[in-house]
Structure formats: C-alpha cells, structure tokens
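Contents: one structure, followed by commentary.
By convention in this document, chain letters (A, B, ...) are assigned in the order of the sequence lines, proteins followed by strands, and residues within each chain are numbered from 1.
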Protein chains: 2
Amino acid sequence: MDRVKLFNDFLSQKGLKSTSQRKLILETFLESASHYSTEELYLKLRKEHPRIGYATVHRTLKLFAECGIAAERNFGDGQTRFESVHADEHHDHLVCTKCGLIIEFEDQKIEELQKLVASQHNFKIENHRLELYGLCKHCRSPK
Amino acid sequence: MDRVKLFNDFLSQKGLKSTSQRKLILETFLESASHYSTEELYLKLRKEHPRIGYATVHRTLKLFAECGIAAERNFGDGQTRFESVHADEHHDHLVCTKCGLIIEFEDQKIEELQKLVASQHNFKIENHRLELYGLCKHCRSPK
DNA sequence: ATCTTTCTGAAAATCGTTTTCAATATCTTC
DNA sequence: GAAGATATTGAAAACGATTTTCAGAAAGAT
Ligand SMILES: [Mn+2]
Ligand SMILES: [Mn+2]
Ligand SMILES: [Zn+2]
Ligand SMILES: [Zn+2]
C-alpha cells in the first residue's frame, strides 16, 4: 500500500491529522478503479458508515487531488469526478454517452502531435484533456 | 447573413417568435469571434441596452446551440461558453491558463488517430474534445 | 382590432460545491 | 495517561452558475 504511505506523509508534512474518516475514505477510494463523484463515493461509504458526512468525503477527495494520488476529471455531466492516479502515468478517456462506461487509453502518437501543435503556436503545455464521446461496444448493437 | 436566416427558420419551424431581443442578441453574438459566457455577453449587451435581462440572454444562447449556430464549450473555469459555429467545421483549443487567451486549431492527423483509437475499442464516436492548457507566447516570456 | 400564444425580466429556485461553526478527535507535552 | 493546543467533523448555511417561475408585455393569427 504505497498510496497510503504517500497520503500519510502528505498529511504529517502539512501538519494535518490522520483520522479514522480519512483512512476509511482512502481505503474505499482505492478499492475500486472507478471515476467517483463525491456523491457516489459518499453514498457507497454511507452504507457501512452512516455517520460519515458529505463534506468530509468531498474535502478528503480534494486532499487526494492535492497530494497527487487522485486526479479531478470532468466528463460534462456537471459532476467533478475523482480517479486514482498511478505514479506519473497519464491517460485519456472514451466515454459512452448512453451507459456512462469509461474506457481509458493512451496514444503516444497523439501525445506527440499535441506537442507539435503547441510548439507551432509558441505555447507551453501544462496539461491537456482528450475525451472521445460516443457509444460503446454494447450500446452500439441494438438488441 | 446566412446564420440569421438559419435562426429564423429554426424559430418559425418550432413555433417560436422572432423578437427584438433575439435579433439583437444574435447580431451581437455574431459580431465577435469570441467564446462568450452568458455573463460576458450579457454585460456587453447591457451597455447599449440596459433593459435586457440575463435570463433572456442565456435562453437565447441555448437556442443558438440547439439550432446549431453555436456550440457550448467548457474550459474548466466553471463557466459555460458559447462560440459561433461555421457550417460543419470543427476545431480544438489551446487555452492559456494565465491570460485566458484561446487559440483554435485543427490537426487532421490527430483526428485520424482518434478514430483509430475508437475503432480499436469498438466505439462509435459522436463528438470529442481536445484542449491543451498552458502558457501562451506572451505569458511564457517573463518581462 | 381582438384573441391566443409565446416571450420577457426580475426574482426565486435549483444543483453541485464550498464554507461556517460548535462539538469532537488527534497530537503534543508533561 | 491527563491536559492543553490544534485540526477535524457533520449539519446546515452560503455560494455561484444556471434554470425556472410568473405576471405583464409583445408577436402573430384571425
Ligand atoms: Mn481514468
Ligand atoms: Mn473555438
Ligand atoms: Zn455504453
Ligand atoms: Zn497567456
């Protein structure tokens, strides 16, 4: 559990405290590979821990993002989503507009061409987002 | 003025009315090539037409999007922006995180590679977004 | 001109997110 | 293991962008 240590180091370095809620939220967040909205993770946690508060879940997700173990995403449904980040890996997304399925991909050629475009405009890229929206394999076929 | 006719056809086809506000908003929207938030366009309009309402501006922008003469964009600053769409042209964006400058580009190779990625996942693309965030030419150089 | 329907603008409502605040938990220091 | 200092929690309120409501005004049909 490398990310747990990473988060604890982040907390102590910032003078923040290690609480049972933070441990619980991190554990649950790491359990699944999904792209959670605050609401979704809150509802999942509340099943087993009815005392947990929405604000705590949200604040903790923001902390994950701040320390780099989570990334904030926005797929245009009006909710910010958080996903677990592995080391310095990067990926982009295919998003099914019908069932919500999210597929991750990385294409090195596209990444290169992005850099080329940026340099042609004298632009220094800090980050980017590429999302392909459409119908997934299952939602394409009627039946 | 092709887009004016397009909008009027859209209105009459839907049983909607052609009002002085709608004419004015469309005219002002088309005048500039910028990526307007509702707020921005509202403030611009209000200078010459203090009686216009925010809700009317917003509703009208949504109508533009619905009839295809505008597209909704979201560059992560929490505001929906509307830009004029020319025919079926498509483009992506470079966004300066410091000054807000928006540069448009289209790279045919990237578009091709996106299709390839999609087909590899048996995915049917409906639309996509590619945004490169960073520093523009001016904001890069200190001075 | 009259009637019917849609539109407008101000204000209120909504939705996701963030902040506030009093009670509680954690961490230090003795 | 207390006691004190500081950060955290959860509920509720505040927030900011967007959307809806509603009564009066305007547009279009007859
Ligand atoms: Mn992902
Ligand atoms: Mn554009
Ligand atoms: Zn699907
Ligand atoms: Zn700039």
* To do: Taking only the side-chain nitrogens and oxygens of Arg22(A), find out if one of them lies under 4.0 Å from OP1 or OP2 of dT9(D).
  => yes
* To do: Name the first nucleotide and the last nucleotide along DNA chain C (5' to 3') that come under 4.0 Å of a heavy atom in chain A.
  => dG16(C) to dC27(C)
* Asked: Given atom CD of Glu39(B) and atom P of dT18(D), what is their separation to the nearest angstrom?
  -> 9 Å
* To the nearest angstrom, how far is Leu16(B) atom CG from dA26(D) atom P? -> 19 Å
* Where does the angle between the aromatic ring planes of Phe7(B) and Phe64(B) fall among parallel (under 30°), tilted (30 to 60°) and perpendicular (over 60°)? -> perpendicular
* Which angle, to the nearest 10 degrees, lies between the helix axes at the two ends of the helix from dA1(C)-dT30(D) to dC30(C)-dG1(D), each defined by five pairs? -> 30°
* Map Tyr54(A) and Lys17(B) onto DNA chain C by nearest heavy atom, then report which one ends up closer to the 5' terminus. => Lys17(B)
* Base, sugar-phosphate, or nothing: which does Arg51(A) touch, judged by heavy atoms less than 4.0 Å apart? -> sugar-phosphate
* Under 4.5 Å between any side-chain heavy atoms of His90(B) and His128(B), yes or no? -> yes
* Within this structure, what is the CG-to-C1' distance between Asp77(B) and dA17(D), rounded to whole angstrom? -> 11 Å
* To do: Mind calculating the distance between CG (Leu43(B)) and P (dA17(D)) to the nearest angstrom?
  => 11 Å
* Asked: Under 4.0 Å between a Lys/Arg side-chain N and an Asp/Glu carboxylate O for Glu131(A) and Arg73(A)?
  -> no
* **pair Glu89(A)-Val85(A): side-chain heavy atoms closer than 4.5 Å** => no
* Nearest-Å distance for atom pair CZ/P, residues Phe82(B) and dA17(D) -> 14 Å
* Counting any heavy atom closer than 4.0 Å, what does Thr80(B) reach on the DNA or RNA strands: base, sugar-phosphate only, or nothing? -> sugar-phosphate
* Rounded to the nearest 0.5 Å, how far does NE2 of His138(B) lie from NZ of Lys98(B)? -> 12.0 Å
* **For Phe123(A) against Leu132(B), the heavy-atom pair lying closest together** => CE2-O, 4.0 Å
* Atom-to-atom span, CG of Asn74(A) to P of dA17(D) - whole angstrom -> 15 Å
* Atom OH of Tyr42(A) to atom C1' of dT9(D): distance rounded to whole Å? -> 13 Å
* Asked: Taking all atoms of both residues into account, what is the closest heavy-atom pair of His121(A) and Glu104(B), and its distance?
  -> NE2-O, 4.5 Å
* Would you kindly compare Gly78(B) and Gln21(A) by the position of their nearest DNA chain D nucleotide and give the one closer to the 5′ end? => Gln21(A)
* Structure fact -> Value for CD (Glu112(A)) from CG (Asp107(A)), rounded to nearest 0.5 Å, stands at 10.0 Å
* Length of the NZ-P vector between Lys62(A) and dT8(D), whole Å -> 17 Å
* Should the ring pair Tyr36(B) and Phe29(B) be called parallel, tilted or perpendicular, given that the plane angle runs from 0 to 90° and is split at 30 and 60? -> tilted
